[in-house]
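Remarks on the structure that follows.
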Number of protein chains: 2
Amino acid sequence: MDAASDVIASSARAPRYQQLTALLAREIREGRYPVGSLLPPEPQLCQRFAVSRHTVREAVRLLCEQGLVSRHQGVGTRVRASQGQKRYVASLSSLRDLMEYAQHTRLRYLGSRRVDADEALARLLRGNEGEQWLELDTCRYPVEGGLPIVHMRVFVRPHCDGMQNALEEGDAWIYGLVERYGGERILEAQQVVGAIGVPDDSARVLGVEPGSPGLFVRRYYLGRGDRLLSVSLNVYPVDRFEFATRWRLAEPAAASTGGAKE
Amino acid sequence: MDAASDVIASSARAPRYQQLTALLAREIREGRYPVGSLLPPEPQLCQRFAVSRHTVREAVRLLCEQGLVSRHQGVGTRVRASQGQKRYVASLSSLRDLMEYAQHTRLRYLGSRRVDADEALARLLRGNEGEQWLELDTCRYPVEGGLPIVHMRVFVRPHCDGMQNALEEGDAWIYGLVERYGGERILEAQQVVGAIGVPDDSARVLGVEPGSPGLFVRRYYLGRGDRLLSVSLNVYPVDRFEFATRWRLAEPAAASTGGAKE
DNA sequence: AAGTGGTCTAGACCACCGA
DNA sequence: CGGTGGTCTAGACCACTTA
């Protein structure tokens with residue numbers, strides 16, 4: 001190839017591997033390396049850009065982190081996408097943070113019962129009619145007392161019997177119990193939020209007028225192979241709860257670790 | 001130190017840098033390097049474990065990706081957490097996905113006006129009393145017609161004048177306009193969701209009873225240095241909207257790039 | 001000025017894959 | 001088998017922070 005024109009400037013401000021990342025990303029975007037094809041092998045890139053293999057690998061690593069390529073030992077570096085999308089991500093250090101407010105709440109256990117899912121419940125739980133579930137009825141109070149913040153109905157598989165006892169102790173986290181009693185890690189949580197007129201049973205628990213404005217939150221906890229481990233149906237009355245999320249732009253930037261001061 | 005006992009087995013199955021990562025992670029967990037302290041400098045780690053600096057750096061890089069430490073040129077490697085927490089992440093390919101439903105909606109522009117923030121509005125917009133804002137009044141309809149799904153009041157800085165014209169064309173995305181007219185990328189979006197009795201003005205737009213159950217969503221769009229670029233105040237009536245999010249467990253697995261086949 | 005992590009080179013051997 | 005990416009060494013110079 002025309003090695004001369006491909007030389008990476010060593011005097012430029014940006015490190016070489018970052019220049020290389022940008023250059024390769026542009027060539028991928030412009031079709032020189034179509035999606036599905038293989039990038040040239042590392043030795044070839046070293047030669048073309050007159051840099052060491054370490055530099056090439058660092059550059060390709062960034063492409064990899066941006067999802068543009070994937071590497072496979074013995075095969076090569078395959079182009080997976082032609083352009084890095086903007087991606088906004090939100091992260092939680094634990095599912096507990098889904099309900100950050102809950103740090104300052106106490107759980108109260110109200111009761112439990114076995115239920116056979118009728119058609120409406122089955123649809124809500126994404127299961128089949130006639131399935132057996134164990135329903136746990138709970139609510140959360142502020143630690144300083146007062147009216148409940150939320151009415152929570154938690155559905156788990158019947159073999160999770162025994163969770164009730166743990167719940168009665170009062171400061172357990174549903175998702176933790178689900179993992180302990182279900183013997184399986186929660187790999188994904190899905191959440192659906194919407195408005196609702198508070199239904200009668202929740203209204204009684206929460207001490208508000210039936211039909212008054214409320215927030216419903218359904219959470220589905222999934223394990224391996226999208227196995228449904230638990231479903232929680234929550235109702236919050238107006239003014240006692242807000243749900244905050246932060247979405248940050250995930251920089252496909254080269255910066256990696258260096259960035260922020262402490 | 002007792003270098004002999006710290007030698008990393010070269011015969012073991014796992015690569016040295018992964019063994020090193022695991023070893024350091026354990027020592028952090030067990031308190032040898034408390035949170036807030038500095039890890040020994042790289043040359044020292046090289047000596048202690050009798051490995052090259054490259055290997056040490058690869059190991060520390062993994063600790064970094066797991067969030068256990070952070071590196072700072074000229075300072076050192078600081079311990080940030082004593083144990084790798086489970087982390088759940090949700091990602092969007094664009095802010096548009098925050099309102100996935102909106103793919104099938106049309107925007108309708110209702111009007112705009114300049115406002116001086118009074119105390120209540122200033123608090124809502126996280127700004128100061130007396131600040132000038134440009135308020136854009138809009139709502140969204142299903143493409144197939146019918147009642148509006150949401151009443152949106154968007155606040156932008158006054159210099160964004162001209163956005164109205166773009167809005168009147170009908171299929172613009174607020175966040176896109178904010179970037180175009182503000183001349184700045186949105187680096188972060190914050191979202192607060194809660195229940196609300198639909199206020200009078202929104203009720204008129206939405207065609208529902210004032211005070212009936214609704215969902216409010218406040219979104220704050222931030223640019224560089226957390227500069228507030230825009231705020232959007234949305235009200236959804238019951239039954240016309242649900243808000244879904246998926247949180248997936250992000251594996252802090254050591255595997256890095258090697259893992260999956262294509 | 002000294003010490004930190006960040007970048008970079010020039011080599012080497014290995015595990016894995018496909019022909 | 002040859003070629004790929006994965007790991008590793010032993011050096012070097014630089015940018016940045018702190019004192």
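The chains referred to below are lettered A, B, ... by the order of the sequence lines, with proteins before strands, and numbering in each begins at 1.
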Phosphate-side-chain proximity, B:Arg71 and C:dG6, N/O vs OP1/OP2 below 4.0 Å: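 Yes, B:Arg71 has a side-chain N/O under 4.0 Å of OP1/OP2 on C:dG6.
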Any A:Thr77 side-chain nitrogen or oxygen under 4.0 Å from OP1 or OP2 of D:dG5: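 Answer yes for this pair, as a side-chain N or O of A:Thr77 is under 4.0 Å from OP1 or OP2.
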Rounded to whole angstrom units, what separation is found between the [atom1] atom of [X] and the [atom2] atom of [N]?
| X | N | atom1 | atom2 | result |
| --- | --- | --- | --- | --- |
| A:His72 | D:dG5 | NE2 | P | 11 Å |
| A:Leu39 | D:dT4 | CG | C1' | 13 Å |
| A:Arg78 | D:dT4 | CZ | C1' | 12 Å |

Determine yes or no for a side-chain-to-main-chain donor-acceptor pair under 3.5 angstrom, with [X] supplying the side chain and [Y] the backbone.
| X | Y | value |
| --- | --- | --- |
| A:Gln44 | A:Pro41 | no |
| B:Glu179 | B:Ile186 | yes |
| B:Arg78 | B:Gly36 | yes |

Cationic tip of B:Arg157 above B:Trp133 ring, under 6.0 Å, 45° of axis: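 Yes, a cation-pi geometry.
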Smallest separation among heavy atoms of A:Leu62 and A:Tyr17, with atom names: CD1-CE1, 3.7 Å
B/S/- contact track for nucleotides 8-15 of chain D, protein heavy atom under 4.0 Å: BB--B--B
Nearest-nucleotide comparison on DNA chain D, the residue closer to the 5′ end among B:Glu58 and A:Gly76: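 The 5'-side residue here is A:Gly76.
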Carboxylate-amine/guanidinium proximity below 4.0 Å for B:Arg123 and B:Glu119: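 So B:Arg123 pairs with B:Glu119 through a salt bridge.
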